[in-house]
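Reviewing the structure listed below.
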Amino acid sequence: MFAHIAVLLRELVDGVVQKPGGVYVDMTLGGAGHATALAEMLLPAGRLIGIDRDEAALAAARERLRDVKCRVDLVRSNYADLPAVLRDLGIAEVDGIICDLGVSSHQLDTAERGFSYMQDGLLDMRMDRRQELSAYEVVNSYGEQELADIIRNYGEERWARRIAQFIVAARREAPLQRTSELVDVIKRAIPAGARKDGPHPAKRTFQAIRIEVNGELRDLEGALRQAVTALAPQGRIGVISFHSLEDRTVKNLFRELATGCTCPPQFPVCVCGKKAILQRNIKKIKPSKEEVAANPRARSAILRIAEKM
């Protein structure tokens, strides 16, 4: 069973759905928690398109969405391929887009997927199991400098250099094959005093490797630009992010697209030609205390909703 607790559920779907007879896209379908709530708001004339790379997610979503009244199209693809997905479905523009970034509860809780530092499994972390690159290749074949850069940049880990050194030293003895082996190496790399407080010592490194394996930050800005382009006028996009790197990308892009002319104020007429694409009243929403208490994984979530001009 693909179990996932949808974060900021009502805030996301209520904030995005404006036309019950419109066309909506869930770019990160997962177990269809958000998608189901969205589909239940649509009329039979409405249409939901769900995109995900994970075959297990699509199978669960297909079952969960079986009885909704609107038309449903589920596509196994990367959200970065949204233009191709819409083109193949004969859709020129959509009325709303939702996106719940990061790893799902199901992926974290399924040990053999290798996403979790809390469970022992093979080093995998692939959202799409058809791709060749996995956590095993990253951990065992990337150079020390490349590993350090990934752990520092994607995990914001202060001990990145030392962790990379310890990984390289450990794999000289034998390849690291399991999540528990990687956790042990990380714990040895981080001084005991630094492990007393804060999150699990392996959290940031696992996040970094997962982002590298799945190209999450590499694809994000381009995917969101394409999503905004696909929106009809007054269509809305809502994006939930779970760490600062994702949210910074979303915030900066929305701010850029909501900014019009950048000419100096002393210019009598605009010469830059830049026009705002999004309305300026971009909403930022965080989970309530009650939601965080019921679902601790919601703690770091941030939702941003923007509307096209």
Side-chain angles (χ1 to χ4, degrees), residues 1-18 20 22-43 46-79 82 85 94-110 113 115-116 127-128 210 214 216 220 223-224 227 236-243 246-247 250 283-305:
M1 178 62 181
F2 197 106
H4 178 68
I5 302 173
V7 174
L8 291 163
L9 178 63
R10 297 283 13 135
E11 292 87 346
L12 176 59
V13 298
D14 290 348
V16 170
V17 177
Q18 302 295 302
V23 180
Y24 292 85
V25 179
D26 187 337
M27 291 174 63
T28 52
L29 185 63
H34 292 108
T36 301
L38 191 156
E40 288 170 349
M41 298 175 68
L42 301 185
L43 300 171
R47 188 173 183 179
L48 169 69
I49 299 149
I51 302 172
D52 207 287
R53 292 183 274 183
D54 190 330
E55 72 278 12
L58 286 168
R62 194 169 289 111
E63 180 66 23
R64 193 165 184 179
L65 291 162
R66 184 177 54 185
D67 297 325
V68 299
K69 296 177 181 178
C70 66
R71 176 174 174 176
V72 175
D73 297 279
L74 302 184
V75 182
R76 188 176 185 187
S77 186
N78 189 323
Y79 65 11
L82 176 65
V85 171
V94 302
D95 299 293
I97 294 174
I98 62 174
C99 191
D100 180 8
L101 300 173
V103 65
S104 73
S105 298
H106 172 80
Q107 289 164 335
L108 284 172
D109 294 338
T110 305
R113 298 298 297 270
F115 285 97
S116 176
M127 293 179 179
D128 186 342
R210 188 201 82 220
N214 295 290
E216 295 171 46
L220 180 56
L224 293 179
R236 293 185 179 182
I237 180 170
V239 183
I240 298 174
S241 56
F242 286 87
H243 60 76
E246 289 174 339
D247 182 58
V250 178
K283 297 179 181 178
K284 176 183 176 182
I285 304 170
K286 292 185 177 182
S288 65
K289 292 180 180 179
E290 292 76 17
E291 180 172 7
V292 172
N295 178 18
R297 286 178 179 169
R299 183 179 296 108
S300 59
I302 296 176
L303 165 62
R304 294 184 188 272
I305 298 176

Checklist line | Chi angles and distances behind the side chain to side chain contact (heavy atoms under 4.5 Å, CB included) call for Val72, Arg62 | finding: CA-CA 9 Å; Val72 175; Arg62 194 169 289 111; over 6 Å; no
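- Counting only heavy atoms from C-beta outward, the side chains of Val25 and Val85 never approach each other to under 4.5 Å.
- Asp128 pairs by the salt bridge (charged side-chain N to carboxylate O under 4.0 Å, His left out) definition with Arg76, Arg130, not counting sequence neighbours.
- To the nearest 0.5 angstrom, Asp100 atom CG is 8.0 Å from Asp26 atom CG.
- Here the CD atom belonging to Glu55 is positioned 13.0 Å from the CE atom belonging to Met127, to the nearest 0.5 angstrom.
- Here the shortest heavy-atom pairing between Asp52 and Gly30 reads OD2-N, 2.7 Å.
- Here CD1 of Ile305 is found 6.0 Å from CG of Leu12. Values are rounded to the nearest 0.5 Å.
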Next item on the list: Determine, step by step, whether Arg113 and Val103 satisfy the side chain to side chain contact (heavy atoms under 4.5 Å, CB included) criterion, reporting the C-alpha distance in whole Å, the side-chain angles of both residues, the deciding distance to 0.1 Å, and the verdict.
Entry: CA-CA 11 Å; Arg113 298 298 297 270; Val103 65; over 6 Å; no
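- Listed by first and then second residue, the side chain to side chain donor-acceptor pair (under 3.5 Å) pairs that reach into residues 293-303 are Ser105-Arg297, Asp109-Arg297, sequence neighbours excluded.
- Across every non-hydrogen atom of Val16 and Ile237, the tightest pair is CG2-C, 4.2 Å.
- Residues Tyr79 and Leu101 come closest through the heavy atom pair CE2-CD2, 3.7 Å.
- The heavy-atom pair separating Ser116 from Leu108 by the smallest distance is CB-O, 3.2 Å.
- Among pairs with a residue in residues 283-295, none fulfils salt bridge (Lys or Arg N to Asp or Glu O under 4.0 Å), at least two apart in sequence or across chains.
- Shown here for Val7 and Ala298, the closest heavy-atom pair between the two residues is CG1-CB, 3.8 Å.
- A pairwise comparison of heavy atoms in Ala301 and Pro287 identifies O-CD, 3.2 Å as the closest pair.
- Taking 4.5 Å as the limit, every side-chain heavy atom of Leu42 sits out of range of all side-chain heavy atoms of Arg47.
- Asp54 places a side-chain N or O within 3.5 Å of a backbone atom of Ala56 that can act as its donor or acceptor partner.
- One finds the CG atom of Leu303 at 11.0 Å from the CG atom of Leu9 (value rounded to the nearest 0.5 Å).
- In this structure, Cys99 SG and Leu82 CG are separated by 10.0 Å, a value rounded to the nearest 0.5 Å.
- For the side chain to side chain contact (heavy atoms under 4.5 Å, CB included) with Leu29, the qualifying choice from Ile98, Val75, Leu74 is Leu74, the only one to do so.
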Margin query: Is there a side chain to side chain contact (heavy atoms under 4.5 Å, CB included) between Tyr24 and Asp95? Walk through the geometry before answering.
Written below: CA-CA 6 Å; Tyr24 292 85; Asp95 299 293; 3.9 Å; yes
Note to self: Would Val68 and Leu48 count as a side chain to side chain contact (heavy atoms under 4.5 Å, CB included) here? Give the steps.
What the structure shows: CA-CA 10 Å; Val68 299; Leu48 169 69; over 6 Å; no
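- Atom CZ of Phe242 sits about 10.0 Å away from atom CD1 of Ile302, to the nearest 0.5 Å.
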